[in-house]
A.B. asks: 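Questions regarding the structure given below will be posed in turn.
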Amino acid sequence: MNPKKMSGLNGCLVYGKNGMDEFRFIDRSGTNAEKYTLREKLFHTQEVQPLWVADMDIATPECVIHAVQKRLLHPILGYEIMSDSAYEAQIGWMREHQGFEIKREWLSYSPSVVASIGCAIRAFSEEGDEVIVMDPVYPPFYSMVKDNNRSLLLHPLKQDSAGIYRFDIERLRTQITPKTKLLLLCSPHNPIGRVWSRDELLALGTLCLEHGIRLISDEIHSDIVFAPHQHIPIASLSDELLNNTLTLIGPGKTFNMAGFSISTVCIVDETMRKHYEEEAHRVHFGDGAVLSHVAFETAYAEGGEWHQKLLEHLRVNASLIEAWVAEYPAIKFRPPEATYLAWLDCRALGLGDRELREFFVHKAGLGLSPGLSFGKEGSGFMRLNFAVPTSVLGDALDRLEKALND
Ligand SMILES: Cc1ncc(COP(=O)(O)O)c(C=O)c1O
C-alpha cells in the first residue's frame, strides 16, 4: 500500500464528496484556538502544523450549534441552573453507551474535569498525603497533586513484549504507605491510549479497597473508544467500588466542545458527595453557563449519529498512521484502543528529547506534544493528535516523511 495515495484518497473521496462538513478543513485562524494561538509561545514559530492540544480540528456537531443559536434568539442570558433534563440526557447516554446506570442525585456540575480533580484531592486528602499517579499521564495529574501540596506516588507504566502498556499491581502494592490516600486513574488513558480491561480495573480497585485508598477516575476519553475495546467505568464493577469512586465525565472530548467548560462528577456515597460538594462550594463552582447547558443537553440527547461517524473517521486516520509507520520502522506506533492521540515511539531515531522536539518542529514543521511532558516514561515519544481531516493528517505524514528522508 502506498500511504501517500491512501491519504489523498481518504481526504477527498471518503469524506469530501460525501458532504460530511464536520471532517473538512476548517480554518481556525481568527478564533482564539489555543492549538494555533500558542504556537509561537510553545514552538517559537507560527510555521508548524499544530497537532498537540487535545481538541479536534473537526466541527462540533451541527445539532449543538443549532441549539445554541436557537437559545440566543431569547435576549436574556442571565444565571441559569443546569436542568434535570440536561442531567437526564447524560444519564441516558451513559446507560446506552457504557451500560452504566447513574442516578440523578449522584451527579453535580463542574466547569472542568481538571478542576474536579483538584477539588477531590483537597476534599479527600491532607497536605503531605500521597496520591498515586501513573507515569506517563496527562500533565495536570502531576500539577494538581503538587500544587495542592500533596506528594506524588509515581507508578511507571511499562510496555509488555507486545508493546501494550501495563501497570504492575504487585509493585504498586509495595509502593503504598499509610500516607497513600488517593489513586488518580486515567481511564481510558491519555497519552498511551489504553482501555483498561475488567481484570485490570478489578485488580486496581481491589487494591484500593484493601488499603482505604479512594479512586478518582478521569473518564473524559471514555466515548472515543474503538471496537472491539469497550470502556468499563471502574465504579460499575461492584457496590464497593461504586461507593469508593468519583467518576469524572463530560462531553468536551466526545463532541469537541471543550470550549463550553462543562462536565460532571458522579459520586454515589452520600458522605463522600457532601464532602466533595463542600469543597466545590468553597471555590464556588456554581452551576455553569446558559449556552453550555444547552450544548451539553443537545450533544448527549442528539449527538449519537455524529459520534458514530466521528469514530469511523478517527479509525481511518489511525489506520493511515499505521500504514505510514509500516514503511518507517524508526517510528513505532500501536493504534490506540481509545482517544484520538497517537503515541509515537521515536526512540529508534536515537535523538535526545530536546533534539527530537527540534526535529519535529524545525525539520518537519509539526507541533506535537513531547513525550517527556507526560512524565519520565514518555522520554523518546511524541504525541500526535490525529483528530483532523484525513487530508491534513496525510499532509503531516508527508512532512514527516520528507524530514526523515532528508
Ligand atoms: C485525561 C484528561 N482529563 C482532563 C482533560 C481536560 O478536561 P477539562 O477541559 O474538562 O478540564 C483532558 C484534556 O486533554 C484529558 O486528556
Side-chain angles (χ1 to χ4, degrees), residues 32-35 38 42 50-58 60 82 90 107-121 131-145 147-148 157 165 182-196 215-225 231 233-234 245-266 280 283 285-286 288-289 292-293 295-296 299-300 314 336-343 367-371 373-375 378 381 383-388:
N32 292 317
E34 256 184 56
K35 199 185 250 173
L38 295 185
L42 286 176
L51 300 168
W52 61 287
V53 72
D55 70 12
M56 308 193 227
D57 280 356
I58 284 173
T60 304
M82 179 134 156
Q90 189 186 42
L107 292 174
S108 61
Y109 160 84
S110 165
S112 133
V113 166
V114 175
S116 310
I117 292 174
C119 187
I121 289 173
V131 181
I132 302 170
V133 170
M134 297 181 192
D135 171 4
V137 79
Y138 176 59
F141 275 41
Y142 300 106
S143 57
M144 281 295 108
V145 174
D147 293 350
N148 285 294
L157 293 169
Y165 276 93
L182 293 168
L183 186 146
L184 207 39
L185 178 66
C186 195
S187 177
H189 193 103
N190 169 13
I192 60 167
R194 274 300 317 277
V195 174
W196 303 114
L215 270 154
I216 304 173
S217 190
D218 175 344
E219 304 192 6
I220 195 167
H221 291 281
S222 57
D223 292 315
I224 313 285
V225 172
H231 169 75
I234 191 165
T245 305
L246 289 90
T247 308
L248 315 182
I249 41 181
K253 304 290 169 206
T254 316
F255 303 105
N256 201 29
M257 45 179 274
F260 280 110
S261 288
I262 188 165
S263 65
T264 57
V265 182
C266 173
V283 288
F285 268 19
S292 306
H293 297 155
F296 178 101
Y300 280 123
L314 294 176
E337 297 164 359
T339 79
Y340 44 72
L341 306 164
W343 186 234
L368 273 60
S369 308
S373 64
F374 299 91
F381 287 77
R383 192 193 75 175
L384 181 151
N385 175 345
F386 62 82
V388 291

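Every number for a ligand or one of its atoms is a count from 1 in the order of the listing. Counting from 1, the numbers follow the sequence of the chain as shown.
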A.B. asks: Side chain, backbone, both or neither: which applies to Val113 and ligand 1 if a contact is any heavy-atom pair less than 4.0 Å apart?
C.D. replies: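 Both backbone and side chain.
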
A.B. asks: Is the shortest distance from atom 14 (O) of ligand 1 to a protein heavy atom below 4.0 Å?
C.D. replies: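 Under the 4.0 Å cut-off, atom 14 (O) of ligand 1 does have protein heavy-atom neighbours.
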
A.B. asks: Starting from atom 3 (N) of ligand 1, which protein heavy atom do you reach first, and at what distance in Å?
C.D. replies: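 So the nearest neighbour among protein heavy atoms is Asp218 OD2, 2.5 Å.
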
A.B. asks: Nearest to atom 6 (C) of ligand 1, what protein heavy atom do you find, and at what distance?
C.D. replies: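 In this structure, atom 6 (C) of ligand 1 has Tyr138 OH, 3.3 Å as its nearest protein heavy atom.
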
A.B. asks: Side chain or backbone of Cys186 under 4.0 Å from ligand 1, or both, or neither, by non-hydrogen atoms?
C.D. replies: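 Just the side chain.
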
A.B. asks: Applying a 4.0 Å heavy-atom criterion (strictly less than), which segment of Ser263 is in contact with ligand 1: side chain, backbone, both, or neither?
C.D. replies: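 Neither; nothing of Ser263 gets under 4.0 Å from ligand 1.
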
A.B. asks: At their closest point, which heavy atom of Ser187 faces which heavy atom of Ser217, and how far apart are they?
C.D. replies: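 Heavy atoms of Ser187 and Ser217 come nearest at CB-OG, 4.1 Å.
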
A.B. asks: Could you tell me whether a side-chain N or O of Trp343 sits under 3.5 Å from a main-chain N or O of Asn190, the two making a donor and an acceptor?
C.D. replies: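 No; judged by distance alone, with no hydrogens or angles, the pair does not exist.
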
A.B. asks: Tell me whether ligand 1 is touched by Lys253 - counting only heavy atoms on the residue side and a distance under 4.0 Å.
C.D. replies: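 Per 4.0 Å heavy-atom rule, Lys253 contacts ligand 1.
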
A.B. asks: Near Ala54, which atoms of ligand 1 are under 4.0 Å from a heavy atom of that residue?
C.D. replies: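 So the atoms of ligand 1 that pass are 14 (O).
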
A.B. asks: Counting N and O atoms only, with roles assigned by atom type, does the side chain of Tyr109 sit under 3.5 Å from a partner on the main chain of Phe285, one being a donor and the other an acceptor?
C.D. replies: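 No.
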
A.B. asks: Can you tell me which residue among Arg194, His189, Met134 is in a side chain to side chain contact (heavy atoms under 4.5 Å, CB included) with Tyr165?
C.D. replies: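 With Tyr165 as partner, Arg194, His189, Met134 yield a single side chain to side chain contact (heavy atoms under 4.5 Å, CB included), made by Arg194.
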
A.B. asks: Measure Val114 to ligand 1 on non-hydrogen atoms and call it side chain, backbone, both or neither using the 4.0 Å cut-off.
C.D. replies: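 For Val114, the contact with ligand 1 is made by both the backbone and the side chain.
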
A.B. asks: Locate the shortest heavy-atom distance separating Thr339 from Phe386; write the atom from each residue and the value.
C.D. replies: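 Here Thr339 and Phe386 meet closest at O-CZ, 3.9 Å.
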
A.B. asks: How close does the nearest protein non-hydrogen atom get to atom 7 (O) of ligand 1, and which residue and atom is it?
C.D. replies: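 The protein heavy atom lying closest is Ile220 CD1, 3.4 Å.
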
A.B. asks: Is any side-chain heavy atom of Pro188 less than 4.5 Å from a side-chain heavy atom of Val225?
C.D. replies: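 A side-chain contact under 4.5 Å exists here.
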
A.B. asks: Among all protein heavy atoms, pick out the one at the shortest distance from atom 11 (O) of ligand 1; state its residue, atom name and that distance to 0.1 Å.
C.D. replies: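 Going by distance alone, atom 11 (O) of ligand 1 is nearest to Ser112 OG, 2.8 Å.
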
A.B. asks: For Asn385 versus Ala387, what's the shortest heavy-atom pair and its separation?
C.D. replies: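 Heavy-atom minimum between the residues: OD1-N, 2.9 Å.
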
A.B. asks: Taking the side chain from Thr245 and the backbone from Thr247, do they hold a donor-acceptor pair closer than 3.5 Å?
C.D. replies: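 It does not hold such a pair.
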
